[in-house]
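Working notes, beginning with the structure itself.
Proteins get letters first, then strands, A, B, ... in listed order; numbering begins at 1 in each. Side chains included, hydrogens not; waters and symmetry mates left out as well; all remaining heavy atoms used.
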Protein chains: 2
Amino acid sequence: MTARTTSRRTGEAEFLAEYDPADFDRPSVTVDVVALTIRAGQLSVLLVKRGAHPFKGSWALPGGFVAMEEDLDDAAGRELAEETGLDRLPAGTHLEQLATYGRPDRDPRTRVITVAYVIFAADLPEPVAGTDAASARWWPVADLGLDLGYGDVEDAPSLAFDHAQIIRDGVERTRSKLEYSTLATAFVPSPFTIPELRRVYEATWAATSEEMDASNFRRKVLAVDDWLVEAEGTADSTGGRPARLYVAGGATRIVPPLERPRE
Amino acid sequence: MTARTTSRRTGEAEFLAEYDPADFDRPSVTVDVVALTIRAGQLSVLLVKRGAHPFKGSWALPGGFVAMEEDLDDAAGRELAEETGLDRLPAGTHLEQLATYGRPDRDPRTRVITVAYVIFAADLPEPVAGTDAASARWWPVADLGLDLGYGDVEDAPSLAFDHAQIIRDGVERTRSKLEYSTLATAFVPSPFTIPELRRVYEATWAATSEEMDASNFRRKVLAVDDWLVEAEGTADSTGGRPARLYVAGGATRIVPPLERPRE
DNA sequence: AAAATAGTGTCTCTCAGACAATATGTC
DNA sequence: GACATATTGTCTGAGAGACACTATTTT
């Protein structure tokens, strides 16, 4: 089998526009990022509105091609940084690989295999619109009409490619990781309070449990060795007794796990 | 950037031999398979001895290039079937994606991104040597000298590429999956006995717990709804009271989980 | 003082681990 | 019978969920 590539790659938008499946005899590789944060008490994901075909006008995960000498993790971080206009992601941001999606027909143009990442961060700025995207914004995952236990949704946006599945998998990974890892602290700016941390769990697990018992939550997180390290002072009052401040210690694993309520 | 591929792809061995990094401007994509089974009471992985450079003489995971119109899962199943000389994998075999490894220098020839899979199976035959492999065999993972809690090993084989890391990740995934999923039954031929199932756990978790309490194990697996369905008859005696036979029911999740002992 | 939120203490029930006792096969 | 293995039964301690109560702030 012989194949030729003749694309002049000056930028992602141009590259996509010039795409011709006949040019290639092997898959292209991209990274896509499920960037999650808590905004207004809701677990939210960053999506960009597509300005070009295919799926023009649909919403997609930020992502793009992996450069030839670039590590996959670096590519994921770079894509999110570009989309949010940051030089680099804030300290404490967590990045992990989710899965790789490679169904032959997932992109109508040609074979594209995408390595998906999940990123947890606090305080990411509003996204900046890139050259290849009409607009970008944070979407509460509850509003996406995915089958994540939030119930029916009016006016759910149309999602491009197989990104609905990727987001679903990313949310499920997040829900499950909060049970046995200390990553909830990646969602809050430091220092933080225990009630803030509890609201991370409530937002992430919202579909299965409306509210957690504050006292049991406190008992369990404080029982984890070297997770919550007491800091100086208290948070500003929000109408009641101000909460003590903590910073994250070195613990990575919650043992015994903080299990979600089973239905 | 312009690039040309001129390889005539007549087979994997020839393809590898003709590899010239200058031919390509994008990564190649392969699948690698961590095929696990219990042999002689030990968790074992299928490895092939490399007959060509690089890493000639080292042991590697079975794997190969993803065909242009082939789904990733299918490619992984195909690679294992080829290596074991089967038309298709036995019923009950479990296949799941592990992770994707894409460090730019992980293959000294050119950029190769590999999607790794874990496969759990009972009763896979001895492997057949392929054209590209001098030989192939099942290796107890305890003998590989990985840092998996088995202690030091004499004469550990040299492992190719980053396959030591991939195997480590695959074993860790397996250990963890047995806690909350019913996949242990994928390791035993059906019908099976509860002691057989227990030995799957013992082999997989061997590094952390020598023996499990048979009565507690029995109580917990039988408490899982629709996992163990009683079958007719008993197993042949192995010197004591014969064990009852069961087949796997529809359950996929163990709740509450069967936790490994924490150190 | 009333309301709101944070933090402490206590009770109960479930369940995992330890282990004793019984059942059923082979030698 | 002795022995080996499977199966059943019992006890105990740790921990999760429920919830009553106290503490500290704003209004």
Legend entry - Carboxylate-amine/guanidinium proximity below 4.0 Å for A:E82 and A:R78: yes
Inset, instruction - Determine the sole option in A:I194, A:V188, A:V229 for which the side chain to side chain contact (heavy atoms under 4.5 Å, CB included) test with A:Y246 is passed. - result: A:I194
Inset, instruction - For C:dA6, take OP1 and OP2 only and decide whether either is under 4.0 Å from a side-chain N or O of A:R218. - result: no
Inset, instruction - Find which nucleotide of DNA chain C each of B:P242 and A:I194 is nearest to by heavy atoms, and output the residue with the more 5' nucleotide. - result: A:I194
Inset, instruction - Would you kindly give the CD-to-C1' distance between B:E179 and C:dA16, to the nearest whole Å? - result: 14 Å
Legend entry - Nearest-Å distance for atom pair CZ/P, residues A:F217 and C:dG9: 19 Å
Inset, instruction - Please determine, for the side chain of B:D213, which listed nucleotide (D:dT8, D:dA6, C:dC19) has the closest atom? - result: C:dC19
Inset, instruction - Assign A:R219 to base, sugar-phosphate, or nothing according to its heavy-atom contacts below 4.0 angstrom with the strands shown. - result: base
Legend entry - Interatomic distance where CE belongs to A:M212 and C1' belongs to C:dA6 [whole Å]: 16 Å
Inset, instruction - Kindly say if B:R198 contacts the phosphate of D:dT7, meaning a side-chain N or O under 4.0 Å from OP1 or OP2. - result: no
Inset, instruction - Could you tell me the separation between the CG atom of A:L245 and the C1' atom of C:dA6, rounded to a whole number of Å? - result: 13 Å
Inset, instruction - Describe the nucleic acid contact of A:T238 in one word from base, sugar-phosphate, nothing, applying a heavy-atom distance below 4.0 Å. - result: sugar-phosphate
Inset, instruction - With the side chain counted from C-beta on, respond yes when B:M212 and B:W205 share a heavy-atom pair under 4.5 Å apart, and no when they do not. - result: yes
Legend entry - 5′-ward residue of the pair B:T234/B:P256 relative to DNA chain C: B:P256
Inset, instruction - Rounded to the nearest angstrom, tell me the gap between atom CG in A:D236 and atom P in C:dT5. - result: 15 Å
Legend entry - Min side-chain heavy-atom separation A:T193-A:L245 under 4.5 Å: yes
Inset, instruction - Can you figure out which of C:dG17, D:dA6, C:dA6 approaches the side chain of B:P195 most closely? - result: D:dA6
Inset, instruction - Select base, sugar-phosphate, or nothing to describe what A:S237 touches, counting heavy atoms under 4.0 Å on all strands. - result: sugar-phosphate
Inset, instruction - Would you check, one step at a time, whether the test side-chain contact (heavy atoms from CB on, under 4.5 Å) holds for A:V33 with A:L61? - result: CA-CA 6 Å; A:V33 174; A:L61 295 169; 6.0 Å; no
Inset, instruction - Starting from C1' on C:dG7, measure out to CD on A:E230 and report it in whole angstrom. - result: 12 Å
Legend entry - Out of D:dA6, C:dA6, C:dA18, whichever nucleotide has its closest atom nearest the side chain of A:R241: C:dA6
Legend entry - Distance, rounded to the nearest Å, where A:E259 contributes CD and D:dG15 contributes C1': 11 Å
Legend entry - Spacing between A:R199 atom CZ and C:dA6 atom C1', to the nearest angstrom: 10 Å
Legend entry - Closest-nucleotide 5' rank along DNA chain D - winner of B:L222 and A:G240: B:L222
